Amino acid sequence: MMLLAEPTAESATDTSRPPRHYLPEDFLVTDWAAIEPFFQELQDRAVHTAAELERWLLDRSELEAVLSEDLAWRYIRMTCDTQDPTRSEAFQYFVNEVEPLVAPYDHALNEKMLASPHLGGLDEGRYGVFLRSMRRALEIYRVENIPLKTDISTKQQQYAATVGAMNVTLDGQELTLPQAADRLKNPDRTVRETAWRAIQQRRVQDAGPLDKLFTELVGLRHQVALNAGFANFRDYMFAALGRFDYTPQDCFDFHRAIRETVVPLIDGFDLERRQDLSLPALRPWDLDVDPSGQPPLRPFGTGEELVDRTITVFQNLDSYLGDCLRTMRQMGHLDLESRKGKAPGGYNYPLDETGVPFIFMNATSSLRDVVTMLHEGGHAVHSFLTRGLPLGADKHPPSEVAELASMSMELMSMDQWHVFFPDAEDLRRAKKTHLESVLETFPWVATIDKFQHWVYEHPAHTEAERHRCWTEIFDEFNQRTVDWQGLEAFKPYLWQKQLHLYEVPFYYIEYAMAQLGAIAVWRNYRQNPAEGLAAYKRALALGYTAPIGQIYAAAGIRFDFSTEYLRTLADFVREEMAAL
């Protein structure tokens, strides 16, 4: 039986690119003419033994890693400045001129491997998950979807450019929307209301174009699904995302469990907030301010301070974790501060060849920014822990595992938050606020996920039907004690701020699943910090060489999102909040 050698432990401080075995060391992605000979060689190469098949697989993985990293840098540079046409053109060149030509070869190479008489010589335990995903990709591939996916990629870019250009002027100062949102934490209610209304009014200015863009995306995605033999895009995406471990019905059951278990807790938080603020009614601009009336927490001043303090937090947890972020800073793989023209959101982008990822975010010196940095830092640690795995596919676990890495880091790091909040009362406020937000994750995820199911189950819906459905789902899970009188015109468009709907459809329910897992990891860490952290690292180091349930088991937790499990872990969070 063949088995790839186990990866050796690598230092997180290693900044060198591993040597290439297939491509020339000086190879650069320029155009398709430079790339195609390698795909053609893989297609034509004779494979006589299992060992040769394994070598062929490693060579293919190296080629894919180089292409993946080239595309990654094009995307990163574009999102760092959405207003620079040369960056957008470089990204679009790859999407339009390279990806469509790679896809047929990718399909043909999958066919070649699965048809190889030497496939049985590979260890099923080691390759089972990889081959399962390859077989699924082969099943859903359709050549007619290649141009549709190119069109979809182009339209998805329009969303980032549109939202990245949104700014508001408050008190004579031009602000990005994340910067303006910081004012929602201001104790002065008039300041909060002014900022909230300005943000919503700015979003509504582009609501029409964003609705039209979304309608076009839904139509294209539905056609992709029909071409592949699926009834709708939801079912197609469950296959494309490799969701072997749960079904749409499981998602619906999870939505119901969240509504029954967590939503009442959030309602209680909001009632306490109204009482603490001595308000006759809560309004949407009252939800982010500290209910004690104190000014917003300011955990850092600059992006450099954010990095320094996060490194200290990671170092205090484990020296390896600190080394990961130090290496990223040394290599310039961080872009953290919000600025005009920058795409919205935050991400950790894995770089498959070098193994040192890139963190992008829009920091404005808030508690949320600290959590975002810790979250993306968890993803980054995951990238480092898997960088030695031989196959590129093994470095990309499904989101249910990827988000476990990031969300667990948010919670385990709380014992070190004094680095950001040296004042004891500020530290208590920060922890309480974050734990509330952990529970608030569940209703919002259920909202977005249930909305997506409806959208793609009814692909011919009108904009009016979409707005009505969104509003009904939003009201089912969110802000049930908040007064929206006079603001009804804004509510139908709140979904447009969620970039996942435009750029990564159906990548959202995983946040709630992973949040449950992260609470369980944190509970283990609270009971035994050394073993809890060690189990976390062991699980992440598996990458995607094992099924989701086995990875969760390696972390010492269950892949379970039943009502009973949700209630147990939500109660644990409440107990931790009460102890603050």
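What you see is a predicted model; the values in this text were computed from it and never measured.
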Should [X] and [Y] count as an ion pair when the cut-off is N to O under 4.0 Å?
| X | Y | value |
| --- | --- | --- |
| Glu436 | Lys432 | yes |
| Arg273 | Asp276 | no |
| Glu174 | Lys340 | yes |
| Arg368 | Asp182 | no |
| Asp188 | Arg183 | no |

* Structure fact -> Separation between NZ (Lys155) and CD (Gln158), nearest 0.5 Å, reads 5.5 Å
* Structure fact -> When rounded to the nearest 0.5 Å, the distance separating CD1 of Ile448 from OH of Tyr508 is 5.5 Å
For the residue pair [X] and [Y], does the interplanar ring angle fall in the parallel (under 30°), tilted (30 to 60°) or perpendicular (over 60°) class?
| X | Y | answer |
| --- | --- | --- |
| Tyr349 | Tyr347 | perpendicular |
| Trp495 | Phe214 | tilted |
| Trp444 | Phe474 | perpendicular |

* To do: Please report the C-alpha distance between Met373 and Ile359 in whole Å, then the side-chain angles of each, then the deciding distance to 0.1 Å, and finally whether the side-chain contact (heavy atoms from CB on, under 4.5 Å) criterion is met.
  => CA-CA 8 Å; Met373 184 65 194; Ile359 290 180; 4.2 Å; yes
* Any side-chain heavy-atom pair from Leu177 and Pro344 closer than 4.5 angstrom? -> no
* Asked: Heavy atoms, side chains only, cut-off 4.5 Å: are Leu71 and Phe91 in contact?
  -> yes
Heavy-atom closest contact ([X] atom, [Y] atom, distance):
| X | Y | value |
| --- | --- | --- |
| Met407 | His375 | CG-CE1, 4.0 Å |
| Thr471 | Pro492 | OG1-CA, 3.8 Å |
| Ala430 | Leu367 | O-CD2, 3.8 Å |
| Leu317 | Leu533 | O-CD2, 3.5 Å |

* With no hydrogens and no angle check, do the side chains of Gln92 and Thr154 hold a donor and an acceptor under 3.5 Å apart? -> yes
* Lys NZ or Arg CZ of Lys491 over Trp484 ring: under 6.0 Å, within 45° -> yes
Donor-acceptor contacts under 3.5 Å from residues 516-525 side chains, at least two apart:
{"from": "Trp522", "atom 1": "NE1", "to": "Leu411", "atom 2": "O", "distance (Å)": "3.4"}
{"from": "Asn524", "atom 1": "ND2", "to": "Gly556", "atom 2": "O", "distance (Å)": "3.0"}

* To do: Apply side-chain contact (heavy atoms from CB on, under 4.5 Å) to the pair Met328 and Val356, showing each step before the final yes or no.
  => CA-CA 7 Å; Met328 294 175 69; Val356 179; 3.9 Å; yes
* To do: For residues 66-76, pull every pair meeting side chain to side chain donor-acceptor pair (under 3.5 Å), keeping only residues two or more places apart or in separate chains.
  => Ser68-Asp352, Glu69-Thr354, Asp70-Arg74
